[in-house]
**Q** 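Before anything else, here's the structure in question.
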Amino acid sequence: MLRSFRASLPLILVIMTAGSDGQQDWGVNYSSSSVCALKGSTVKISCTVKYPHDHQLRSVYWTKHAVTDGETPDLCSDPDKTGRVQCVRADKDTSSITLTAVTEADKHIYYCRFTTDAEGGKWTGIPGVQLDVTDLQVETQQTVVEGDSVTLSCKSSCSLPEETTFIWYRNTKTINKGIRTKNQLHLWSVSYYDAGDYQCAVGGNEHLISPAVYVKVQWVDGLLDWRVKYSPSSVCALKGSTVKISCTSTYSVYGYQLIQSVSTKPAVTGEEPPDLCTDPDKRGGIQCVREDKDTFSITLTAVTEADKHIYYCRITDTRFRWTGIPGAHLDVTGLQVETKQCVKEGDSVTLSCKSSCSLPEETTFIWYRNTERLTGETLNNQLHLQSVSRSDAGEYRCAARGKAGERLNSPSVYLSVEYPPKSVSVSVSGSAVIVSGDSVTLNCSSDSNPPALNFSWLKGESSVGSGRIFSISNISSDHSGEYKCRARNKHGEKNSDPVMLNVMYPPRNVSVFINGSAVIVSGDSVTLSCSSDSNPPAVNFTWFKENQSSAVGSGQSFSALDSGRYYCEAENKYGSQRSESVSVTEGVQRSALLTLTGVVAGCGGLIFIIIFIIVFIWKKKKRDGGAEDTRQNQNPIGRSAETASANDSAVYSLVSANQSEDLYTNITSVKAKRSSRAEAGDVEDLQYASVHHFKNKDTKTEEHQKMEMQRPSDANRCEDVIYSSVK
C-alpha cells in the first residue's frame with residue numbers, strides 16, 4: 001500500500017519585503033515579495049520606507065489590509081496577537097514584524113504602512129508580502145515488494161528556499177544509505193530491513209522533525225492494483241465558497257470487497273486517522289456522501305483559510321486499509337486589488353484582481369468604484385483606465401463569482417489621482433469695510449493633489465509674502481491694491497483671481513491754495529481752495545479765520561473778503577484734519593493803483609525819450625563836424641552857399657543822390673545871427689535842414705552829393721524834403 005504523512009515543523013525565516021510605490025519620492029521597499037514558512041516557525045518581515053527629506057516620519061506599522069476607508073488595524077497593537085507579534089524599529093526608516101508559532105490562520109498578505117507630517121502623507125506599501133504557511137510531509141509508496149526500489153519525498157505546499165537541506169530518519173535514527181537529491185531519498189532494492197517509520201527534517205534544525213510515514217516491505221502480489229483517483233486533484237476556492245471533492249477507488253482484482261471509504265486530512269500514521277465526516281467540530285460544515293459503489297465525496301461549506309489542507313480518501317476492506325496518495329489539495333484565497341496608489345492626471349493605470357492561487361478558468365470578475373458598478377461580469381481580472389481624471393479617484397474593489405454562484409468581494413483600495421493646483425481662490429477675513437489701522441487676513445485655498453504646500457502672495461506683480469495665510473496688521477492706504485495667491489505642488493502652479501483691498505482712511509495732507517494774488521483790493525476778494533487726500537473723498541469742507549471761534553464758510557472753495565489768516569478743515573465719515581493757515585493782506589484802491597501805475601509809466605517813458613534825444617543830438621553833432629570838412633574841400637558851391645547863409649536866420653542843407661546809390665552825409669547845424677529881442681520877440685530861433693534825394697536812372701556812376709543851404713521858402717525845388725527843427 002501507499003502511505004503519506006505530514007506534520008508541522010518550526011522554522012525561523014528572516015525576510016526583507018519588497019515592493020514599489022509607483023512614485024519617485026514615496027514608497028516601501030521589500031527584498032522579497034513572498035515567504036514560505038513552516039507551521040509553528042517564527043517569521044520576521046522587514047520593510048524600509050521612503051519619503052521626501054523635507055518631511056518627518058511619524059509612525060510605521062504593519063497591517064493585513066490595503067488602504068480602505070478609514071485607518072487600517074495595526075497588528076502591533078492587536079490585543080489578540082499579544083505575545084505572538086512583536087514590532088521593532090531597527091532604525092528611523094526600517095521596521096520589522098516578528099510572528100512566532102505561525103499557523104495557517106497567519107497566511108496572508110502583510111503591508112507596511114507609514115505616516116508623515118505632510119497633509120495626506122499616509123502610505124501603504126503595495127503589493128506587500130505574501131506569507132504562506134505549510135507543513136512537511138513524507139510522500140512515498142506505502143507498500144513495496146522486496147527487491148524493488150522506492151523514492152521518498154519531503155514535501156511542502158509552498159516552495160522552501162533553494163538552500164534548504166533535508167535529513168532523513170528511519171525509526172528515529174539517521175539514515176546513511178540511499179541517494180539524496182534535494183528533498184528526495186532513493187532506496188534501491190529494498191529488503192525486509194528497510195521497512196519502518198520514515199521522517200524528514202530541515203538541516204540546521206534537526207530537532208524539528210516531520211511526522212512518520214510507514215513503509216511496508218512484503219511479498220504479497222496484487223495490492224499494486226489498488227488505486228484512488230481524485231476529482232479535482234487541486235482546488236483554489238474563494239473564501240466563503242463551497243467546495244466539493246470526490247474520490248473513486250479501483251480494487252477487488254483478487255476478490256477483495258470494499259467495506260468503507262472515509263476522508264481525512266493527515267496521511268496514515270501509526271494510529272488510525274480521524275474521520276472528517278464524523279468530526280463533531282465540523283458538523284454542519286462538512287457533508288460526506290457515497291455517490292455510488294466506488295465513488296465518495298466530501299463537501300465543505302463557507303471555507304476559510306483554516307480549511308486549506310490536503311484531503312485524503314481512505315479505503316478499508318476485510319484485510320487491508322488504504323490511503324489514496326497524493327490526495328486532493330485545497331487552497332483557500334481571498335481577493336486583493338493591486339495597482340499604483342497614485343497616478344498623475346492624464347496617465348493610464350491598470351488594476352488587477354489578485355488571488356493567492358489560480359482560480360478556475362470559469363471564474364468571472366466585476367469591478368466597482370465606491371458604490372458604482374463599472375463593468376459587467378468578465379473573465380478578465382484586470383481593469384484598464386486610460387487618461388485618468390480627478391473623477392477616477394476613489395475606492396476600487398473587485399468581486400469574483402465561482403462556478404457554484406458564490407461571490408466574494410475584495411477589500412477596497414484607494415486610487416489617488418494627482419493633479420496640479422486648480423480653483424485657487426483668496427478669501428478675506430475681517431470686516432467687510434477695511435479702515436486704516438485694522439488688521440486683515442488673506443486665506444489662500446486650492447484644489448490639488450497632493451495638496452499644495454507652497455504658497456506665495458503677489459501685490460500686482462511684486463512678491464509680498466508666502467504661506468497659506470497672509471496677514472496685514474495696522475493696515476494703511478499703502479496696502480491698497482490687488483492681491484493674488486500662487487499655489488504650487490510638484491505637478492505645477494496656478495494664480496488665483498485678484499482680490500482688491502480698498503483701505504478707507506480719514507483726510508490727510510490737507511492744504512489751502514490761493515487762486516491769484518493773496519492781496520485783497522478794496523471792494524474785491526481772494527479765492528481760497530482746499531484739497532485733501534482721503535478715502536472716500538472728503539465731502540465736508542469748513543473754513544475758519546484765526547482768532548475767530550466760529551466758521552466763516554464752507555465748501556471746497558472760499559472767497560475771502562477781509563485780510564487775515566485762514567485755514568480749512570476737511571472731513572469724511574472716518575475723521576477730519578485741518579490745514580495750515582495762509583495769510584491774506586489788504587491793498588490800496590484799484591483806481592489809485594491805476595493812477596500811480598500810469599504816472600510811473602509816463603515818467604519812465606519821458607526819461608527814455610530825453611535820453612534818446614540827447615544821444616541823437618550828440619551823434620548828429622559828431623556827424624555834422626565831419627561833413628563840414630568834406631564840403632569845404634570838395635564843393636565850392638556848397639561853401640559859398642554856406643557862407644551866404646551864415647547871415648540868415650534859418651539854415652538849410654540839401655543832399656541829393658542818384659537812384660543807384662543813396663548818399664547820406666553829416667549835416668552840421670549853422671547858427672544864424674539873432675536879431676535883437678525886440679525884433680524877434682519871444683519866438684525861439686529855428687534852424688532847418690533839408691535833405692533832397694534826386695533819382696537818376698541814366699547813370700550808374702557814383703555822383704557827389706550837392707549840399708546847399710537855403711531857406712524854407714525854396715524847398716519846393718526838391719522831390720522829398722525832410723525838416724527837422726533843433727532848439
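Values below: all heavy atoms of this structure, side chains included; hydrogens, waters and symmetry mates excluded. Note that the numbering runs from 1 along the sequence shown for the chain.
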**Q** Looking at K422, I'd like to know if its NZ atom is crowded, meaning that more than 12 non-hydrogen atoms belonging to other residues, nucleotides or ligands lie closer than 6.0 Å.
**A** yes
**Q** Side chains of E569 and F544: closer than 4.5 Å at any heavy-atom pair?
**A** yes
**Q** Please determine whether side-chain hydrogen bond (donor to acceptor under 3.5 Å, both in side chains) holds for the pair S95 and R89, giving the CA-CA distance in whole Å, both sets of side-chain angles, and the decisive distance to 0.1 Å.
**A** CA-CA 4 Å; S95 176; R89 289 277 291 273; 5.5 Å; no
**Q** Is H55 reaching over with its side chain to a backbone N or O of P52, donor-acceptor style, under 3.5 angstrom?
**A** no
**Q** Any heavy-atom pair between the side chains of L57 and F114 that's under 4.5 Å?
**A** yes
**Q** Cut-off 3.5 Å, side chains only: do N489 and N454 have a donor facing an acceptor?
**A** no
**Q** How about N547: does its CG atom have over 12 heavy atoms from other parts shown lying under 6.0 Å from it?
**A** no
**Q** Which pairs count as disulfide (SG to SG under 2.5 Å) when at least one residue sits in residues 464-510, sequence neighbours excluded?
**A** C444-C485
**Q** Can you find a pair of side-chain heavy atoms, one from R58 and one from D117, that are under 4.5 Å apart?
**A** yes
**Q** I need the single residue from D331, D132, T134 that forms a side-chain hydrogen bond (donor to acceptor under 3.5 Å, both in side chains) with S157. Which is it?
**A** T134
**Q** Verify, without hydrogens or angle tests, whether W543 (side chain) and G555 (backbone) share a donor-acceptor contact under 3.5 angstrom.
**A** yes
**Q** What's the separation between atom CD in Q577 and atom CD in E571, rounded to the nearest 0.5 Å?
**A** 12.5 Å
**Q** Is there a donor-acceptor pair closer than 3.5 Å between any side-chain N or O of S473 and the backbone N or O of S439?
**A** no
**Q** May I have the step-by-step check of side-chain hydrogen bond (donor to acceptor under 3.5 Å, both in side chains) for N449 and S416, ending in yes or no?
**A** CA-CA 8 Å; N449 189 23; S416 177; 2.7 Å; yes
**Q** Using a 4.5 Å cut-off on heavy atoms from C-beta on, say whether the side chain of W123 contacts that of V49.
**A** no
**Q** Strictly by modelled atom types, are Q382 and T350 linked by a side-chain donor-acceptor pair under 3.5 Å?
**A** no
**Q** Give the minimum heavy-atom separation between I475 and L501, together with the two atoms involved.
**A** CD1-CD1, 4.5 Å
**Q** OG/S463 to NZ/K484 distance, rounded to the nearest 0.5 angstrom?
**A** 11.5 Å
**Q** Can R397 be said to sit on top of Y368's aromatic six-ring, NZ or CZ under 6.0 Å from centre and within 45° of the ring axis?
**A** yes
**Q** Before accepting this row, confirm whether a basic side-chain N of the pair K459/D478 lies closer than 4.0 Å to the acidic partner's carboxylate O.
**A** no
**Q** Give the minimum heavy-atom separation between P421 and A487, together with the two atoms involved.
**A** CG-O, 3.5 Å
**Q** Strictly by modelled atom types, are T124 and R113 linked by a side-chain donor-acceptor pair under 3.5 Å?
**A** yes
**Q** Can a donor-acceptor pair be found, under 3.5 Å and without considering hydrogens, that links the side chain of T333 to the backbone of L238?
**A** no
**Q** Using a 4.5 Å cut-off on heavy atoms from C-beta on, say whether the side chain of K107 contacts that of K308.
**A** yes
**Q** Please check: side-chain N/O of K545 versus main-chain N/O of S563, any donor-acceptor pairing under 3.5 Å?
**A** yes
**Q** How long is the span from the OG1 atom in T63 to the CG atom in D74, to the nearest 0.5 Å?
**A** 7.5 Å
**Q** Side chains of S496 and S425 only: does a donor on one sit below 3.5 Å from an acceptor on the other?
**A** no
**Q** Charged N to carboxylate O below 4.0 Å: is that the case for E493 and R488?
**A** yes
**Q** Are any of the side-chain heavy atoms of R373 and T375 separated by less than 4.5 Å?
**A** no
**Q** Between T378 and N380, is there a donor-acceptor pair closer than 3.5 Å when you use the side chain of the first and the backbone of the second?
**A** yes
**Q** Decide yes or no on side-chain contact (heavy atoms from CB on, under 4.5 Å) for C47 and W62, but give the supporting numbers first.
**A** CA-CA 10 Å; C47 71; W62 292 86; 3.6 Å; yes
**Q** Give a yes/no verdict on a cation-pi contact between R390 and Y419, requiring under 6.0 Å between NZ or CZ and the six-membered ring centre and an angle within 45° of the axis.
**A** yes
**Q** With rounding to the nearest 0.5 angstrom, report the CG to CG distance, N572 to N540.
**A** 9.0 Å
**Q** Using side-chain heavy atoms (C-beta onward) and a distance below 4.5 Å, is Y483 in contact with L458?
**A** no
**Q** Is there a side-chain contact between R401 and L408 (heavy atoms, below 4.5 Å)?
**A** no
**Q** Does E361 CD have over 12 foreign heavy atoms under 6.0 Å away?
**A** no
**Q** Does a side-chain N-to-carboxylate-O contact under 4.0 Å join E418 and K340?
**A** no
**Q** Is a salt bridge present between R508 and D533, judged by a nitrogen-to-oxygen distance below 4.0 Å?
**A** yes
**Q** Do any N or O atoms from the side chain of S387 and from the backbone of D347 form a donor-acceptor pair under 3.5 angstrom?
**A** no
**Q** To the nearest 0.5 Å, how far apart are SG in C353 and CG in L383?
**A** 10.5 Å
**Q** Would you please test V349 and L415 for side-chain contact (heavy atoms from CB on, under 4.5 Å) and show each step?
**A** CA-CA 10 Å; V349 65; L415 176 64; 4.1 Å; yes
**Q** Could you report the tightest heavy-atom contact between C530 and V510, atom names first, then the distance?
**A** SG-CG1, 3.8 Å
**Q** Would you tell me whether S554 and T542 have side-chain atoms, one donor and one acceptor, within less than 3.5 Å of each other?
**A** no
**Q** Judged by modelled atom types alone, do S511 and S531 share a side-chain donor-acceptor pair under 3.5 Å?
**A** yes
**Q** Heavy atoms only: give me the nearest P507-A538 pair and the separation to one decimal.
**A** CG-CB, 4.2 Å
**Q** I want to know whether F470 and W457 have ring centres closer than 6.0 Å.
**A** yes
**Q** Provide the closest heavy-atom pair for R565 versus S583 in the form atom of the first, atom of the second, distance.
**A** NH1-OG, 2.7 Å
**Q** Other residues, nucleotides and ligands only: do more than 12 of their heavy atoms fall within 6.0 Å of CD on E546?
**A** yes
**Q** Are L75 and H108 close enough, and set up right, to give a side-chain contact (heavy atoms from CB on, under 4.5 Å), and what steps lead you there?
**A** CA-CA 12 Å; L75 294 178; H108 218 288; over 6 Å; no
**Q** Mind listing the closest non-hydrogen atom pair of D106 and V102 along with its distance?
**A** OD2-CA, 3.2 Å
**Q** Run the side-chain hydrogen bond (donor to acceptor under 3.5 Å, both in side chains) check on Q86 and T98 step by step: do they pass?
**A** CA-CA 5 Å; Q86 183 181 8; T98 302; 5.3 Å; no
**Q** Begin with the C-alpha distance, continue with both residues' side-chain angles, and end with the deciding distance and a verdict on side-chain hydrogen bond (donor to acceptor under 3.5 Å, both in side chains) for Y51 and D93.
**A** CA-CA 9 Å; Y51 53 91; D93 298 329; 2.9 Å; yes
**Q** Would E305 and K239 pass as an ion pair if we require N to O under 4.0 Å?
**A** yes
**Q** In Å and rounded to the nearest 0.5 Å, what is the OG1 to CG distance from T48 to D91?
**A** 7.0 Å
**Q** Check the pair V440, V428 against side-chain contact (heavy atoms from CB on, under 4.5 Å), reporting the backbone distance first and the verdict last.
**A** CA-CA 7 Å; V440 175; V428 182; 3.7 Å; yes
**Q** Measure from the side-chain N and O atoms of S534 to the backbone N and O of P536, and report whether any donor-acceptor pair falls under 3.5 Å.
**A** yes
**Q** So, for Y566 and F558, is the gap between ring centers shorter than 6.0 Å?
**A** yes
